[in-house]
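Read through the structure below, which is laid out as structure tokens, and then see the notes.
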Number of protein chains: 2
Amino acid sequence: MENFNFYSPTEFVFGKETENECGRLVRKYGGTKVLVHYGSGSAVKSGLLGRVTQSLEKENIPYVTLGGVQPNPRDTKVYEGIELCRSENVDFILSVGGGSCIDSSKAISIGVPYSGDFWDFYTDKAHITNALPIGTVLTIAAAGSEGSGSSVITKEEGMLKRDAGSDLIRPKFSVLNPQLTQTLPAYQTGCGATDIMAHVFERYFTNTKEVEVTDRLCEALLLTMIKETPRVIADPDNYEARANIMWAGTVAHNDIVGVGRSQDWNSHGIEHELSGLYDCAHGAGLAVVMPSWMEYVYRHDVMRFAKAAVRVWGCQMNFDAPEETALEGIRCFRRFLSSIGMPVNFEQLGAKEEDIPVLVEKFGLGDGKTGGFVALSSSDVAAILKIAVTAN
Amino acid sequence: MENFNFYSPTEFVFGKETENECGRLVRKYGGTKVLVHYGSGSAVKSGLLGRVTQSLEKENIPYVTLGGVQPNPRDTKVYEGIELCRSENVDFILSVGGGSCIDSSKAISIGVPYSGDFWDFYTDKAHITNALPIGTVLTIAAAGSEGSGSSVITKEEGMLKRDAGSDLIRPKFSVLNPQLTQTLPAYQTGCGATDIMAHVFERYFTNTKEVEVTDRLCEALLLTMIKETPRVIADPDNYEARANIMWAGTVAHNDIVGVGRSQDWNSHGIEHELSGLYDCAHGAGLAVVMPSWMEYVYRHDVMRFAKAAVRVWGCQMNFDAPEETALEGIRCFRRFLSSIGMPVNFEQLGAKEEDIPVLVEKFGLGDGKTGGFVALSSSDVAAILKIAVTAN
């Protein structure tokens, strides 16, 4: 196991009707003027936004609101939020939505106290040293941003999707009410589940030896998702299954199951180019990329892929031909993704084979390589996307 | 799943030679005058204490030291620590040792700012509202106190063992260096492993339905302990196995695997009377009590015990007689404990059957009942201890 730091100071307030705690929590963490930042109109229509602002009013905490964050959140909305916070002297951001909304709030939180362009943090031109405190009310179990120290933003000019990270942007609190996810359409539910599983797999495929505890914890989360996801697809109102998925989504990405081991993250990187170009859902892009990545790299560590097949997918170990078991596990993953309504190839996603050179170009490796499990070159990335074209 | 709050703000600094970070960490969390509180002389002899104080000196942070915390830490040492902190104007406690040392430090941290007797917090006469910040350097993987908000202290007069808890006594940071545990004798290593497994089982046996994610996470930790513990018993210098156990021990007790579900804790309660009376190691007492408790209560939920047998111990499910599978799992647990050198009955522990009435009396139920999985009366506790007399 490698040396590591683990720090997850977020207070998670989990369960039914917990959005009514927002006022108390903002007060506890020192907010005196709040930006309530939300995504879609559904937060308004469902009454959620009303309950959140009511809870602030109960505590006599003034606020301004800013809605309209899009999936694959844009820099334009971030600039708007920064301006608003400055002009209104906001000292706390309350993010009501999914990962896109929270990531956008994090970008605003580091942009407000920074004299330069917030995009500097996403291009490694500046290092995060200050941020407004933020809290979240999560409406989609997926990105794990409610418990993480990272943020992904898309620059509209050129549709560049880039990330930034720091412990300073971990939320002070996150309200997790599984009821809020019950109205999600099946497709978005499936995308969220895929994202959660991908967060675990990015950590699971490692070159670090002797990491049984995090291996087992990763497998625990995957087994949970395999059990619970089909239940919520079949029965969107299943609170218990929603609750299990929601906690799994948070634990999957606050890194408690990923510390002390190398992680890969190439599937996420490649997917960012797909959703950057096609504006597709991140989870849908991952469903297309990740099994194809697995097919391309599994020979690097056949026994690790066989372990996933046996422990996660319940395959029988083929002791004479472990490679067969490894491949069977990957097939199980793709079949599972199809069964929960996810696309698994370019056509189903709405992507085009002729765009592969553009995607590879935007990925920006040049002559370099990247990846924590298998270092990929541009031609490797092209080969993985080629597999994804016709995968089934 | 039940509603819950989860808050674990401790910064964990994990890996080789991390004790040298102490000075930097104390500075980061605002300490300007430190009490270095340690347990046995082995921290001095091994050079650990020297490295810790050197790291404080490097940062020009003054300190005083207080050693001699005993296993099953006593109120007398707590009073001594409170006096010392007050007279030396200490504003940060650095605890170098195992769970006993850390629990003692936590008691001091709440005693210093309190005008009454610190024991009030352990008898529910007072509620924790203030505490000095503490940091820890862990030397035994066992109690999980390095990441928890609880403390157990024994009052020497009457040997009463009681606990107190609050988020305010969660450590600001905990240094986890598995190398420091390599010198532990096999018996203490086994006691620590038993304590870790018991922390998980106390959470696993629940009446809350539909908690797959925490079930699976609990099982992940148990599977890790079953793999790694025999390796460190056979090879004390195995850093990798020590590292897996150390992280499992922390995750087992910061409650991330226990949230949203009822928990039991009767085995711990009953054990506290054993170690209170005989001053035996807590883990050894648990090895005697917990399987006996399981035998007594398994009929309350045969399928949950069968699940543990199958998923944790790898038993084959007996679909015609699940009770057989449940019992086989309990037998596996006791065999495992014996194999790592733990006592499993009264004689092996040094306890006496004729003391059972005293133990039950000290447990203090009177005509009441307690327990989150099965509510036990005094006669139930006596029956469990009776099983433990001759268990094997």
Side-chain angles (χ1 to χ4, degrees), chain A residues 1-18 21 147 167 170 173-174 176-178 208-228 231 238-252 254 256-257 259-260 311, chain B residues 1-18 21 147 167 170 173-174 176-178 208-228 231 238-252 254 256-257 259-260 311:
Chain A
M1 201 182 294
E2 298 167 9
N3 283 17
F4 65 82
N5 268 42
F6 177 74
Y7 178 58
S8 173
T10 304
E11 179 174 354
F12 298 101
V13 181
F14 189 105
K16 291 176 182 169
E17 295 170 24
T18 43
E21 306 280 311
D167 280 339
R170 287 181 183 269
F173 68 82
S174 282
L176 310 176
N177 176 357
T208 312
K209 300 294 174 202
E210 297 267 22
V211 285
E212 183 75 0
V213 63
T214 39
D215 274 357
R216 286 290 190 184
L217 291 168
C218 284
E219 293 157 7
L221 296 176
L222 292 165
L223 287 162
T224 302
M225 296 306 295
I226 292 166
K227 178 185 173 195
E228 303 295 3
R231 295 176 75 203
N238 189 324
Y239 176 85
E240 297 295 348
R242 293 273 186 196
N244 278 283
I245 290 173
M246 201 166 212
W247 191 233
T250 298
V251 177
N254 83 341
I256 198 163
V257 304
V259 287
R311 289 188 180 176
Chain B
M1 202 182 294
E2 298 167 9
N3 284 16
F4 65 82
N5 268 42
F6 177 74
Y7 178 58
S8 172
T10 304
E11 179 174 354
F12 298 102
V13 180
F14 189 104
K16 292 176 181 169
E17 294 168 25
T18 43
E21 307 279 313
D167 279 338
R170 287 183 183 267
F173 68 82
S174 282
L176 310 177
N177 176 357
T208 312
K209 299 295 173 202
E210 298 267 23
V211 285
E212 184 74 0
V213 62
T214 39
D215 275 357
R216 287 289 190 185
L217 291 168
C218 285
E219 292 158 7
L221 296 175
L222 293 165
L223 287 162
T224 302
M225 297 305 296
I226 292 166
K227 178 185 174 195
E228 303 295 1
R231 295 176 75 203
N238 189 325
Y239 176 85
E240 296 296 349
R242 293 274 186 195
N244 277 283
I245 289 172
M246 201 166 212
W247 191 233
T250 298
V251 177
N254 84 341
I256 199 164
V257 305
V259 287
R311 290 188 180 175

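Since the model is a prediction, treat every value here as computed from it, not as a measurement. Note: hydrogens, waters and symmetry copies are ignored here, and every other heavy atom, side chains too, is used.
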To the nearest 0.5 Å, what is the distance between CZ on B:Phe12 and OG on A:Ser8?
9.5 Å

Quick check for you: to the nearest 0.5 Å, what is the distance between B:Asn5 atom CG and A:Phe173 atom CZ?
11.5 Å

Look at the side chain of B:Glu240 and the backbone N and O of A:Met1, then say whether any donor-acceptor pair between them is shorter than 3.5 Å.
yes

Taking the side chain as every heavy atom from C-beta outward, state whether B:Phe14 and A:Val259 have any pair of such atoms under 4.5 Å apart.
no

Restricting to side chain to side chain contact (heavy atoms under 4.5 Å, CB included), what partner residues turn up for B:Glu219, sequence neighbours left out?
B:Tyr204, B:Asp215, B:Arg216, B:Lys307, B:Arg311, B:Val312

Find the one option among B:Asn177, B:Ile245, B:Leu217 whose heavy-atom pairs under 4.5 Å with chain A are most numerous.
B:Leu217

Contacting region of A:Thr250 [heavy-atom separation from chain B under 4.5 Å]:
neither

Part of A:Arg242 lying under 4.5 Å from any heavy atom of chain B:
neither

Residues forming a salt bridge (charged side-chain N to carboxylate O under 4.0 Å, His left out) with B:Lys227, sequence neighbours excluded
A:Glu212

If you count heavy-atom pairs within less than 4.5 Å of chain B, which of A:Ala243, A:Cys218, A:Gly260, A:Pro178 leads?
A:Ala243

Of all of B:Glu17, B:Lys209, B:Glu210, B:Arg170, which one pairs up most often with chain A through heavy atoms under 4.5 Å apart?
B:Glu210

Counting only heavy atoms closer than 4.5 Å, note whether B:Glu228 contacts chain A via side chain, backbone, both or neither.
side chain

Report yes if the side chains of B:Val13 and A:Asn3 come closer than 4.5 Å at any heavy-atom pair, otherwise no.
no

Exercise: identify the closest heavy-atom pair between B:Asn244 and A:Val213:
OD1-N, 2.8 Å

Do the side chains of A:Ile256 and B:Trp247 get nearer than 4.5 Å, heavy atoms only?
yes

